Amino acid sequence: MIDDTIAAIATAPGEAGIGIVRLSGPMAVEILDQVFVPSKGKSIKEFPSRRLTHGYIVHPHTQDKIDEALVVYMKGPHTYTAEDVAEIDCHGGIVPVRRILSLVLSMGARMAEPGEFTKRAFLNGRIDLAQAEAVMDVISAKTEKGFDIALGQLEGSLSKEVHKIRANILEMIAHITVNIDFPDEDIEEITYDGLEKQAKKIVDIIDTLLSTAHSGKIIREGLKTVIIGKPNVGKSSLMNALLKESRAIVTEIPGTTRDVIEEYVSIQGIPLKIVDTAGIRETEDLVEKIGVARSKEFFNKADLIIFVLNASESLTEEDRQIIQLVNDRDAIILLNKTDLPMVVNEGELQEMLPGKKVIRISVTEGIGLKEIEDTIAQMVYGGQVKHKELSLVTNVRHQNALERAKRSMEDAVKAIQTNMPLDFVEVDVRDCWEYLGEITGDTVGEDIIDRIFANFCLGK
């Protein structure tokens, strides 16, 4: 039972149309009643729940008006936290929201910890842990696709998948336990063949979820993408074309880009943290040399390399050096300036970079840009079922729990195949069930819960 009342500013700091101070707990409505004077009527309690009411926030001791406001109270359990909740919508700005927060704190509320409103929703059983984590994913989504996936998880898409798997495992545990505890009773005897089929099926289901983790992580966190190539091949022009704005300076002078330029762009719902690097070459220019060193540093950290070549020139030694760097990385090869006579030997390039996608483009003519976007999308999704048909695993904590669960069930399969006693099989099957419970919070420790909500923003 949570017996105190918390309060926090629920809107971002700074100037805005409105600012919101939120309260939750058993004293939320009582505190609101003490500090709010309706324009009509004597008390907020005279008005029905969930109805916005106009009036003034007034200091109850001095009768000084603090701000004009619209307020609403909502009786639990049908609220965000499943407790009584009150919200004060005042003028946006640092001064009014801070004054109102200070006032409600002086009336008996406690300052909320980061994420405590959502934590209370979890502790009060309104949402599970996976849904709680999805709240921050909804807030921080960088693309519409990322938002859709986060919203689906907030509505319980991943949780439903996990609950189904755990229900099947629980049935396995029940059958195993009955056969261990009552071997002489007239019950359906469990067979090792049947157990093996059940265990392998669960491994396959978990594996299917895990197969989405790479795509899910990229959609949640973004794909670190670096554009590389020797100077003056069109890297900055390409970045400008992908961004659909003139972000990077473009000239015919090699070495114009002296430092890295970072921007976010959404390509078919995939957030790309795209970096235009200084051309990689040997140079005596001190500033350019620093830029080249930073280019190599970003190259080493990138998830995806976009390697740009000038199709109107033969491969140079600088090109060949970059080809060696790119060979064992996830990369797309772009032959730019194909509006000019083609000189580069594409067959030789394919031999030097086997398995790499080579796309002919002309940034100045807008040729090949759609194919670049389609290729990036294909590399990220890998032909998987789209997110509306299958829950994507976007959270590293969830991925780790699924991996541990899969290993435990694989251990159970090995124990079954070697005819180990059912007691040994039960241990592995139960471990799998427990690890999956960590995703929804059913079997997670308090320390992990505290760590998760500590990453939330205040007021949420």
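Here the structure is a predicted model, which is why all the values come from computation and not from measurement.
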Thr440 and Asp442: side-chain donor and acceptor closer than 3.5 Å? yes
Among all residues two or more places apart in sequence or in another chain, which pass the ring pair (Phe, Tyr, Trp, His ring centres under 6.0 Å) test with Tyr435? none
Do Phe122 and Arg120 come within less than 4.5 Å of each other through their side chains, counting heavy atoms only? no
Just wondering, do Lys217 and Val396 contact through their side chains at under 4.5 Å, heavy atoms? yes
Does the side chain of Pro114 reach to within under 4.5 Å of the side chain of Asn455, using non-hydrogen atoms? no
Residue among Leu436, Asp411, Leu210 satisfying side-chain contact (heavy atoms from CB on, under 4.5 Å) with Lys406: Leu210
Glu196 and Gln417: side chain donor to acceptor below 3.5 Å: yes
Mind listing the closest non-hydrogen atom pair of Ile439 and Leu129 along with its distance? O-CB, 3.7 Å
To the nearest 0.5 Å, what is the distance between CD (Glu87) and CD1 (Ile20)? 5.5 Å
May I ask you to test the Ile227-Ile305 pair for a side-chain heavy-atom distance under 4.5 Å? no
Do Glu83 and Arg126 meet the salt-bridge criterion of a basic N to acidic O distance under 4.0 Å? no
By ring pair (Phe, Tyr, Trp, His ring centres under 6.0 Å), which residues pair with Phe453, not counting sequence neighbours? Phe456
Separation between CZ of Arg329 and CG of Asn300, rounded to the nearest 0.5 Å: 6.5 Å
Can you confirm whether more than 12 heavy atoms, excluding those of Tyr192, are under 6.0 Å from its OH atom? yes
Are a donor atom and an acceptor atom from the side chains of Glu346 and Gln350 found within less than 3.5 Å of each other? no
The reported gap from CD1 in Ile452 to CE in Met136 (rounded to nearest 0.5 angstrom) is 13.0 Å
How many angstroms lie between CD1 in Ile228 and CG in Leu325, if you round to the nearest 0.5 Å? 6.5 Å
Hey, what do you get for NZ (Lys230) to CZ (Arg320), rounding to the nearest 0.5 Å? 10.5 Å
Work out which heavy atom in Glu116 is nearest to a heavy atom in Glu113; give both atom names and the distance. OE1-N, 2.9 Å
Count the heavy atoms of every other residue, nucleotide or ligand shown that sit under 6.0 Å from CG of Asp330, and state whether that count exceeds 12. no
Check: Thr177/Glu426 side-chain N/O donor and acceptor closer than 3.5 Å: yes
Regarding Arg22 and the six-membered ring of Phe117, is the cationic atom NZ or CZ under 6.0 Å from the ring centre and inside 45° of its axis? yes
Looking only at non-hydrogen atoms, find the nearest pair between Ile31 and Ala109 and report the distance. CD1-N, 3.6 Å
Taking Glu263 first and then Lys273, would you say they form a salt bridge - that is, a charged N and a carboxylate O separated by under 4.0 Å? no
Using the side-chain contact (heavy atoms from CB on, under 4.5 Å) rule, pick out the option among Leu223, Ile218, Val380 that qualifies with Leu304. Leu223
Taking it one step at a time, do Trp433 and Ile165 satisfy side-chain contact (heavy atoms from CB on, under 4.5 Å)? CA-CA 8 Å; Trp433 183 78; Ile165 303 170; over 6 Å; no
Just so I know, are the side chains of Met379 and Ile332 near enough to count as touching, which here means a heavy-atom distance under 4.5 Å? yes
Side-chain H-bond candidate by donor/acceptor type, Tyr80 with Ser24, under 3.5 Å: no
Looking at every heavy atom in both Ile376 and Ile270, which two are closest together, and how far apart are they? O-CD1, 4.3 Å
Do Val265 and Leu243 have side chains that get closer than 4.5 Å, going by heavy atoms? yes
Specify the closest pair of heavy atoms between Glu371 and Thr375, including all atoms of both residues, with the distance to one decimal. O-OG1, 2.7 Å
Arg98 atom CZ, over 12 foreign heavy atoms within 6.0 Å: no
Give the C-alpha distance, both sets of side-chain angles, the deciding distance and a yes or no for side-chain contact (heavy atoms from CB on, under 4.5 Å) between Ile367 and Arg360. CA-CA 8 Å; Ile367 298 169; Arg360 296 186 182 190; over 6 Å; no
From the options Lys119, Arg397, Arg451, Arg220, select the one residue that forms a salt bridge (Lys or Arg N to Asp or Glu O under 4.0 Å) with Glu133. Arg397
Could you tell me whether the side chains of Gln268 and Asp374 share a donor-acceptor contact shorter than 3.5 Å? yes
Would Met111 and Leu105 satisfy side-chain contact (heavy atoms from CB on, under 4.5 Å), going step by step from the backbone distance to the final call? CA-CA 7 Å; Met111 186 69 185; Leu105 292 176; 4.2 Å; yes
Do the side chains of Leu32 and Val71 get nearer than 4.5 Å, heavy atoms only? yes
If the threshold is 4.0 Å, N to carboxylate O, is there a salt bridge linking Asp428 and Lys414? no
So which heavy atom on Val363 is nearest to which on Leu238, and how close? CG1-N, 3.9 Å
Would you indicate whether the side-chain heavy atoms of Ile306 and Ile333 approach each other to under 4.5 Å? no
